[in-house]
Amino acid sequence: MGDWIDIAASGECPPGTVLERVVDDRIVALANVDGRWHAIDGLCPHQGGPLGQGSLCGGIVTCPWHGWQFDVASGRHRLSATVRQTVHEVREEEGRVLVRLMPPHGDHAA
Ligand code: FES
């Protein structure tokens with residue numbers, strides 16, 4: 001299990017937006033869904049598009065390249081049960097957002 005890593009000020013990612021960060025050589029898409037934080041792997045599994053530069057509607061982020069959509073809470077693709085992004089732990093503390101990176105595909109036991 002990794003350490004908590006400070007990736008942003010809370011104000012950098014207002015409610016209804018998503019933000020891209022590179023954390024320990026991994027790309028993370030940080031989403032603020034009405035004040036609830038979520039973080040998933042930000043590299044789109046389709047062709048590598050930047051999910052953290054996509055648009056957020058409700059709890060769904062849309063890849064800016066070809067429109068694949070993912071639930072930011074579960075990491076699941078909206079249409080395919082087999083396509084899933086790794087979900088990272090995230091918390092807010094004193095105006096900062098911290099993440100703890102999970103192994104690929106959320107395999108917490110790894
Ligand atoms: S790269 Fe994300 S939908 Fe194609």
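Atoms within each ligand, like the ligands themselves, are counted from 1 in listed order.
Distance check for His46 against atom 2 (Fe) of ligand 1: none of its N/O/S atoms falls below 2.8 Å.
At a heavy-atom cutoff of 4.0 Å, ligand 1 is contacted by the side chain of Trp65 but not by its backbone.
Here Cys44 contributes SG and Cys63 contributes SG, and at atom 2 (Fe) of ligand 1 these two atoms make an angle of 110°, given to 10°.
Each of the atoms 1 (S) of ligand 1 lies under 4.0 Å from some heavy atom of Gly49. Within the listing of ligand 1, atoms 3 (S) sit less than 4.0 angstrom from a heavy atom of Gly67. Using a 4.0 Å cut-off to heavy atoms of Gln47, the atoms of ligand 1 that qualify are 1 (S).
Taking each heavy atom of Val99 and Val23 in turn, the nearest pair found is CG2-CG1, 4.4 Å.
For His66, the N/O/S atom at the shortest distance from atom 4 (Fe) of ligand 1 is named ND1.
Between the side chains of Asn32 and His38, no donor N or O sits under 3.5 Å from an acceptor N or O.
With respect to the salt-bridge test (charged N to carboxylate O, under 4.0 angstrom), the residues Arg36 and Glu92 do not qualify.
Transitive grouping of hydrophobic side chains (ILVMFWY, heavy atoms separated by less than 4.5 Å) keeps Leu101 and Trp4 in distinct clusters.
Residues His77 and Trp68 place their aromatic rings such that the two centres sit under 6.0 Å apart.
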